[in-house]
Amino acid sequence: MFQNLRNEVQWFKNNPDYVYLDSAATSLKPKSVVDAMSYYCDFISTNPHNDDSLFTHQAHIVMDETRKKLAKLLNANSDEIVFTPGATYSLNSIASFIKPFFKADDEIVLSNAEHASNLLPWYDIYDEFKQKDNPIKIQYVEIDINSDNINNFLSKINKKTKMICFANETNFIGNSIDAVKLSNEIKRINPNIFICVDSTQYLSHYKLDLKNSNIDFVVGSAHKMLGPTGIGFLYINKNLIEKLKPNIVGGGMNFEIKRNYYSLLSGLSKFEAGTPNIMGIYGWNKALDYYLNSDIDLFTKKVYELKNYLDSEIEKVEGIKIFNKGIKAFNTIFIREGIFSQDFSSYLGSQKIIVRSGLSCAKLANEIIKEDHAIRASFHFYTNKNDIDKLIYAIKKFKKGDILNGLF
C-alpha cells in the first residue's frame, strides 16, 4: 500500500507547489483516513459505550478492531492496549501509575535526547519527592549519535534504579535504540526496574515485537503514522495491569458505584474513562492498514537512500554542517553556519519548503550537537526524490539577504 501512498494523500494535490519535510512533527493523512472519520460522523456518530442495538454497536466493533490491529503491529495482546489522547498523555499516565512505587533514594534513568514529553512527567515526580524531603535521583544517559547506546544505558543501571524511560527512535537526533535488546539486558541486571519505551517516532516506519520482550510500557501517537491527531495508545504489560491504579476516573471504567464508594472494572477497561476519540479511532483503523499490508522494510530502505542522498549533496555546500550524517534516520538535522536556524527555515519557507527549526522539543539535545538550534528536515514514506532535490536547490542557491524575504 505504501507504493501508492503519495497519490492517496490529498495534501499534495491541494498544495502542489509545496514540499513537506516536517513529518516527524505530524505526518500527512491518506484520503482513506479522512474518509473514515467523515464516515463515522455522517453515518454512525454513536458512542462506543452504547451496546443497546446492533446499529450503535458498530462503533464498538471498530474500536475493538483497531485495538487488534495495533496489537498485531506490536506483536502484543489486544487486552494490553489502552487508547489515550496521545503519547504525551500516555507518558504522563505512566508517571502517575508508577509514582506510588517510588521511595527515597530511588533513581530514574532518562537520556539527553528525549522529547519534553518524556522529561517533564519525571521531573514532576522528582520535584514532589524533593519537597517531601524524600529525594530521588534522575540519572542521564549521554547519547552518542554514532553508537547503539546500549552500554551507555546499562552503565546507569543499579539496585536503586526504579524506572528507565527512553525513545527507541528520537525525534530530533533521529538515532535508534534496540528496545527489546536493551530491555532484556536491563532486566538481567535488575528485574524490578520498570521499563517504558517512547515509540512515537519509531512506529511511524517500523513494527515492534513485544512478544518476548521485558518492556513494561510502550506509547505512541496516531498522527505520526498517517493517522489523525488526538488519539494514541498505551501498551501495558499484562503482568502489571491489575497492579496499577488509573490516573483518570469516570464513566465507562467503573464496575460499581455506591454512596462514597466505587469499584473498578478489571483489565484495561479501567484505564479508559470517558468517551474516547472514536472518530480518530476510525481514522487510525485505516492508517494501520498501510503498516500491516506493506513491506515496511522495503520502504524504510528507500527513505534511508533519500536521506543519504540529501546529506551527500548539502555537505558540499559551504557553511552547511550536518549533525546526524551516516546514521539510519528519518531526518537530517543541519545548520547554515553564521545564520540563525529559524531565519534559514523561514527562507526555506519562502521557497515553499516546510521544515522545522530549533530543537524540536528535545531541549537537552543541544548538549549532543553543541548547538542551541538546528534545522530538521524529516521524511515519511510519501517523501520522494523531487522533494529532496527542491530542498537541495534552495540550500545551494541561498545567499545572505535572502532570509529577509522569508520573514513577516
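Position 1 is the first residue of the sequence; numbering continues from there.
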From CA spacing to verdict: side-chain hydrogen bond (donor to acceptor under 3.5 Å, both in side chains), Ser360, Asn171
CA-CA 7 Å; Ser360 302; Asn171 72 305; 4.9 Å; no

Walk me through it: do Lys68 and Asp79 pass the test salt bridge (Lys or Arg N to Asp or Glu O under 4.0 Å)?
CA-CA 9 Å; Lys68 289 175 182 176; Asp79 59 0; over 6 Å; no

Decide yes or no on salt bridge (Lys or Arg N to Asp or Glu O under 4.0 Å) for Asp17 and Lys352, but give the supporting numbers first.
CA-CA 7 Å; Asp17 298 329; Lys352 298 185 175 180; 3.7 Å; yes

Show the numbers, then the answer: is there a side-chain hydrogen bond (donor to acceptor under 3.5 Å, both in side chains) between Thr161 and Asn190?
CA-CA 8 Å; Thr161 308; Asn190 183 347; 5.4 Å; no

Between Phe217 and Tyr235, is a ring-ring contact (aromatic ring centres under 6.0 Å, His included) present by the stated rule, with each step listed?
CA-CA 5 Å; Phe217 305 99; Tyr235 161 86; 8.2 Å; no

Give the C-alpha distance, both sets of side-chain angles, the deciding distance and a yes or no for side-chain hydrogen bond (donor to acceptor under 3.5 Å, both in side chains) between Asp144 and Asn152.
CA-CA 8 Å; Asp144 179 351; Asn152 293 351; 5.4 Å; no

Let me see the working for Glu313 and Leu391 under side-chain contact (heavy atoms from CB on, under 4.5 Å), right down to the final yes or no.
CA-CA 10 Å; Glu313 289 298 313; Leu391 174 60; over 6 Å; no

Could you go through the side-chain hydrogen bond (donor to acceptor under 3.5 Å, both in side chains) check for Asn247 and Ser96 one step at a time?
CA-CA 6 Å; Asn247 59 316; Ser96 177; 5.0 Å; no

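Using modelled atom types, no side-chain atom of Asn134 and backbone atom of Phe129 make a donor-acceptor pair closer than 3.5 Å. Side-chain N or O atoms of Glu242 include one that pairs as donor or acceptor with a backbone N or O of Gly267 at under 3.5 Å. Not one N or O on the side chain of Asn75 forms a donor-acceptor pair closer than 3.5 Å with the backbone of Ala71. Listed for the Thr56 side chain is a donor-acceptor partner under 3.5 Å among the backbone atoms of Asn50. A distance-only check finds no donor-acceptor pair linking the side chain of Lys156 to the backbone of Ser111 [under 3.5 Å]. Not one N or O on the side chain of Ser221 forms a donor-acceptor pair closer than 3.5 Å with the backbone of His223. Remark: side-chain polar atoms of Ser199 are not paired, donor with acceptor, to backbone N or O of Leu203 under 3.5 angstrom. In this structure, Asn324 contributes its side chain and Asn331 its backbone to a donor-acceptor pair below 3.5 Å. Remark: side-chain polar atoms of Asp295 are paired, donor with acceptor, to backbone N or O of Leu298 under 3.5 angstrom. Formation of a donor-acceptor pair under 3.5 Å by the Asp387 side chain with backbone atoms of Thr383 is not found in this model.
By the 30° and 60° cut-offs, the orientation of the rings of His205 relative to Phe381 is perpendicular. Aromatic ring pairs are classed by plane angle as parallel below 30°, tilted from 30° to 60° and perpendicular above 60°; the pair Phe344 and Phe334 is perpendicular. Between Phe166 and Phe153, the ring planes lie tilted relative to each other; the angle falls in the 30° to 60° range.
By the 4.5 Å heavy-atom criterion applied to side chains, Lys137 and Tyr126 are not counted as neighbours. Side-chain contact between Phe102 and Ile108: present, with at least one pair of heavy atoms (C-beta onward) separated by less than 4.5 Å.
Between the side chains of Asn118 and Asp198, no donor-acceptor pair is found at a separation under 3.5 Å. Under 3.5 Å, the side chains of Ser357 and Ser341 contain no donor-acceptor pair of N or O atoms.
Comment: Asp64 does not engage Lys69 in a salt bridge, judged by the lack of any side-chain N to carboxylate O separation of less than 4.0 angstrom. Salt-bridge check for Lys181 with Glu185: failed, with every basic side-chain N at 4.0 Å or more from each acidic carboxylate O. We find that Asp311 and Lys307 are joined by a salt bridge, their nearest charged nitrogen and carboxylate oxygen being less than 4.0 Å apart. Here Glu305 does not pair with Lys385 in a salt bridge; the nearest charged N to carboxylate O distance is not below 4.0 Å. We find that Lys29 and Asp35 are not joined by a salt bridge, their nearest charged nitrogen and carboxylate oxygen being 4.0 Å or further apart. A salt bridge links Glu272 with Arg67: the distance from a Lys NZ or Arg NE/NH1/NH2 to an Asp or Glu carboxylate oxygen falls below 4.0 Å. Asp106 and Lys103 are joined by a salt bridge, as a carboxylate oxygen and a charged side-chain nitrogen come within less than 4.0 angstrom of each other. We find that Lys363 and Glu114 are not joined by a salt bridge, their nearest charged nitrogen and carboxylate oxygen being 4.0 Å or further apart.
Interatomic distance, Ile173 CD1 to Asn112 CG, rounded to the nearest 0.5 Å: 8.0 Å. Rounded to the nearest 0.5 Å, atoms CG (Leu310) and OG (Ser312) are 8.0 Å apart. Distance CG/Leu226 to OG/Ser204: 8.5 Å, rounded to 0.5 Å. Between the NZ atom in Lys301 and the CG atom in Leu306 there is a gap of 13.0 Å [rounded to 0.5 Å].
The number of heavy atoms from other shown groups lying within 6.0 Å of CZ (Phe101) is above 12.
Residue pairs meeting the ring pair (Phe, Tyr, Trp, His ring centres under 6.0 Å) criterion with at least one partner in residues 20-52, sequence neighbours excluded, are Trp11-Tyr20, Tyr39-Phe43, Tyr40-Tyr282.
Stacking of Arg376 on the aromatic ring of Phe172 is not recorded, the 6.0 Å distance cut-off and the 45° axial limit not both being met.
Not less than 6.0 angstrom separates the ring centroid of Phe271 from the ring centroid of Phe83.
Residues His380 and Ser23 come closest through the heavy atom pair CB-OG, 3.7 Å.
The residue from Phe12, Phe2, Phe299 that alone fulfils the ring pair (Phe, Tyr, Trp, His ring centres under 6.0 Å) condition with Tyr382 is Phe12.
For Tyr290, the side chain to side chain donor-acceptor pair (under 3.5 Å) criterion is met by Glu8, Ser32, not counting sequence neighbours.
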